[in-house]
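Note that these values count all heavy atoms, side chains included, but never hydrogens, waters or copies made by symmetry. Every chain is numbered from 1 and lettered A, B, ... according to where its sequence line falls, protein lines coming before strand lines.
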2 protein chains.
Amino acid sequence: MTRPPVTLDDLDRKIVAALIANARTSFAEIGAAIGLSAPAVKRRVDRMREAGVITGFTATVLPNALGWRTEAYVEVYCDSAAPPRRLAEVVRDYPEIIAAMTVTGGADALLHIRATDIEHFERVLERIRAEPFIRKTVSQIVLSHLIANSPEAGASPGTPADTQ
Amino acid sequence: MTRPPVTLDDLDRKIVAALIANARTSFAEIGAAIGLSAPAVKRRVDRMREAGVITGFTATVLPNALGWRTEAYVEVYCDSAAPPRRLAEVVRDYPEIIAAMTVTGGADALLHIRATDIEHFERVLERIRAEPFIRKTVSQIVLSHLIANSPEAGASPGTPADTQ
DNA sequence: ATTGAAAGACCGACCAA
DNA sequence: TTGGTCGGTCTTTCAAT
């Protein structure tokens, strides 16, 4: 999975910025903005996808609108014997966990979780706490977002119907 | 900014799922998959954008590849007099803050921050700590992600060149 | 929601610097 | 190697049904 070192020039960065702003912008339009032809833009995009710089194109949605009304960050404290590897396997089994990472500080890992409601969140949390090597969890439930169009405010695990 | 209540039917949810999976999927292809014509799909997408269910289409990139090599979550403790409103204004001035929310628990808010490196992060943190109503901060620096293709693993504040 | 037609986007092949 | 041009094909988009 390790890829060759990628060097992006200024044109590449402008193309990426344009696609982050609107992933459906046509290559011709991007090209017009930076002084390149549409096929030239496409070649650069293909190269960056190949290199793994661009990993995909997605729609951002309001999770609320899809029924994900509860969001939380959960600090996880593990038994000292448990390797991060083990945690990674567990975490993948929960569609409600939309991000998980190891962190500095007292906790071993931080989970970003979306659930349909508090009841759903409680069920997920209970399942997580029942995992053998997890010692304790500390939850911070999100009350409100302070940035409207943060990229990750639109992150959602799919549709509730798919995962419940 | 308050919008009319939106009701999504099953077709709408399938369209959204398809666009989350790949925002550049053609309407014709989505239509073929769910038994609708391309114009019918387009009108539903337009309606959902209008209603604010779909907020945009973006490219997901590896922040590392763009030079964002340091990521952290920072708990913020405020003076009890400071309203969340005030915090929202401040937070918008930092391009490095890619998400900010009020949370339950001891902290008043949680910030999700990306910086180019530790030095950059330290500068950002010092500026934040210098804000008048902030009493203390607790940082958790992200060591490694446990989920490969988490939607928000690709969230990045732009290009370092734009913001530094 | 579908059809049909015009405008536009995509994508490969080929050529020039 | 990187960009430009060209042509065939698919997609988008708007009207009318």
In one Ile/Leu/Val/Met/Phe/Trp/Tyr side-chain cluster, 4.5 Å: A/Val61, B/Met101:
no
Does a salt bridge link A/Glu89 with A/Arg86, judged by any charged N lying under 4.0 Å from a carboxylate O?
yes
Would you mind reading off the distance between [X] atom [atom1] and [N] atom [atom2], rounded to a whole angstrom?
| X | N | atom1 | atom2 | value |
| --- | --- | --- | --- | --- |
| B/Arg44 | D/dT12 | CZ | P | 17 Å |
| B/Arg49 | D/dT13 | CZ | P | 11 Å |
| A/Leu11 | D/dT2 | CG | P | 12 Å |

side-chain hydrogen bond (donor to acceptor under 3.5 Å, both in side chains) partners for B/Thr102, two or more places apart:
A/Ser144
Under the side-chain hydrogen bond (donor to acceptor under 3.5 Å, both in side chains) test, which residues partner A/Asp46, sequence neighbours left out?
A/Lys42
Looking at every non-hydrogen atom in both residues, tell me the closest pair between B/Leu62 and A/Gly52 and how far apart they are.
CD1-O, 3.0 Å
I would like to know whether B/Leu36 and B/Phe27 meet side chain to side chain contact (heavy atoms under 4.5 Å, CB included); could you show each step before the answer?
CA-CA 9 Å; B/Leu36 238 51; B/Phe27 297 149; over 6 Å; no
Audit row: B/Ser139, B/Ile113, side chain to side chain contact (heavy atoms under 4.5 Å, CB included) steps and yes/no
CA-CA 10 Å; B/Ser139 299; B/Ile113 294 181; over 6 Å; no
If you look only at pairs with a residue in residues 131-155 of chain B, which of them pass as a salt bridge (charged side-chain N to carboxylate O under 4.0 Å, His left out), with sequence neighbours excluded?
none
I'd like to know if the side chain of B/Arg69 and the backbone of B/Ile118 have a donor-acceptor N/O pair within less than 3.5 Å.
no
Mark yes or no for whether A/Thr55, through its side chain, and B/Thr60, through its backbone, hold a donor-acceptor pair below 3.5 Å.
yes
Take the C1' atoms of the five end pairs on each side of the helix from C/dA1-D/dT17 to C/dA17-D/dT1, get both axes, and report the angle to 10 degrees.
30°
Going 5' to 3' through nucleotides 12-17 of chain C, assign each nucleotide B (protein heavy atom under 4.0 Å from a base atom), S (under 4.0 Å only from sugar-phosphate atoms) or - (no protein heavy atom that close).
B-----
Categorize A/Ser26 for me: base, sugar-phosphate, or nothing, with a 4.0 angstrom heavy-atom threshold over every strand shown.
sugar-phosphate
Taking for each residue the nucleotide of DNA chain D with the nearest heavy atom, is it A/Arg24 or A/Ala38 whose nucleotide lies nearer the 5' end?
A/Ala38
Any residue in residues 27-34 of chain A with a heavy atom nearer than 4.0 angstrom to DNA chain C? Just list them by number, or reply none.
A/Phe27, A/Ala28
Distance from A/Ile34 atom CD1 to A/Leu11 atom CG, nearest 0.5 Å?
4.5 Å
